[in-house]
Amino acid sequence: MVGYAPQLELIRHASLTISHGGLNTTLESLAQGVPVVVLPVAYDQPGVGARVEWSGVGQSILVGRLTVDRLRYAVHTVLTDPSYRERAGRLRSSIEAADGLNRAADLIEGAFGTGRRALPTRERVEHI
C-alpha cells in the first residue's frame, strides 16, 4: 500500500482497471480507452457496473457474488477479447468529442443567466 498513487498516470499505462465502480475512476479509465472490471459495492456503483457491461467496455461482478474464479474469468475475458478495448477506444473518442468541461460550464452559465464565464479574479482566488 502507498499513501498516494498518481491514478491518472497509472491508468494511462494500464491494460485494465479494476475498480469498485466509482464514476470518477470509471470515466477516467474510459477517457483513456482502458476497459474495466467493476466490483460494485453500493450507491450508484451497481448502475455503473451495469452500464459498463451494456456498453461492452468491461465486466461487472457484484461484490456479494465475487469469487477468485469469477474475478479471474472477468479479467482474462476483458484482457484477451479485443472487442472490450475497441469499444473502450470508441467511448474514449465520444468522451473527447463531448467536451464535457466546457459543456458543463456553458450549462452553469446558462442557469445563472449571465452568458459569460464565472471565473474568479486573482484576488478572490488568493482569499479562498
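Just so it is clear, the structure is predicted and the values come from calculations on it, not from any experiment. Just so you know, these numbers use all the heavy atoms, side chains as well, and skip hydrogens, waters and symmetry mates.
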Heavy atoms of Pro35 and Val78 approach each other most closely as CB-CG1, 3.6 Å
Got a sec, which hydrophobics cluster with Tyr4, joining ILVMFWY side chains under 4.5 Å apart, including via others?
-> none
Sequence-distant partners of Arg51, side chain to side chain donor-acceptor pair (under 3.5 Å), two or more places apart | none
Distance-only donor-acceptor hits, side chain of residues 39-50, under 3.5 Å, sequence neighbours excluded:
| from | atom 1 | to | atom 2 | distance (Å) |
| --- | --- | --- | --- | --- |
| Gln45 | OE1 | Val41 | N | 2.8 |
| Gln45 | OE1 | Ala42 | N | 3.0 |
| Gln45 | NE2 | His20 | NE2 | 3.4 |

Flag yes if Tyr73 and Ile61 sit in one hydrophobic cluster, no otherwise; membership is Ile, Leu, Val, Met, Phe, Trp, Tyr, and two members link when side-chain heavy atoms are under 4.5 Å apart.
-> no
Taking only distance into account, with no hydrogens and no angle test, what donor-acceptor pairs under 3.5 Å do side-chain atoms of residues 5-13 form with protein atoms, sequence neighbours excluded?
| from | atom 1 | to | atom 2 | distance (Å) |
| --- | --- | --- | --- | --- |
| Gln7 | NE2 | Thr25 | OG1 | 3.1 |
| Gln7 | NE2 | Glu28 | OE1 | 2.6 |
| Glu9 | OE1 | Arg12 | NH1 | 3.1 |
| Glu9 | OE2 | His13 | NE2 | 3.1 |

Determine which pairs satisfy salt bridge (Lys or Arg N to Asp or Glu O under 4.0 Å) with at least one residue from residues 62-74, sequence neighbours left out, and list them in order.
-> Asp69-Arg72
By salt bridge (Lys or Arg N to Asp or Glu O under 4.0 Å), which residues pair with Arg87, not counting sequence neighbours?
-> none
Connected via hydrophobic side-chain network under 4.5 Å: Ile95 and Val36 = yes
With side chain to side chain contact (heavy atoms under 4.5 Å, CB included) as the test, would you mind laying out the steps for Leu71 and Val75 before giving the verdict?
-> CA-CA 6 Å; Leu71 180 58; Val75 168; 4.0 Å; yes
What residues, two or more places apart in sequence or in another chain, satisfy side chain to side chain donor-acceptor pair (under 3.5 Å) together with Ser29?
-> Thr17
Drop me the distance from Leu91's CG to Glu96's CD, to the nearest 0.5 angstrom.
-> 10.5 Å
By side chain to side chain contact (heavy atoms under 4.5 Å, CB included), which residues pair with Ser15, not counting sequence neighbours?
-> Leu79, Arg85
Which hydrophobic side chains are connected to Met1, either touching it within the sub-4.5 Å cutoff or through other members that do?
-> none
Here the side chain to side chain donor-acceptor pair (under 3.5 Å) pairs for residues 53-62, sequence neighbours left out, are Gln59-Tyr84
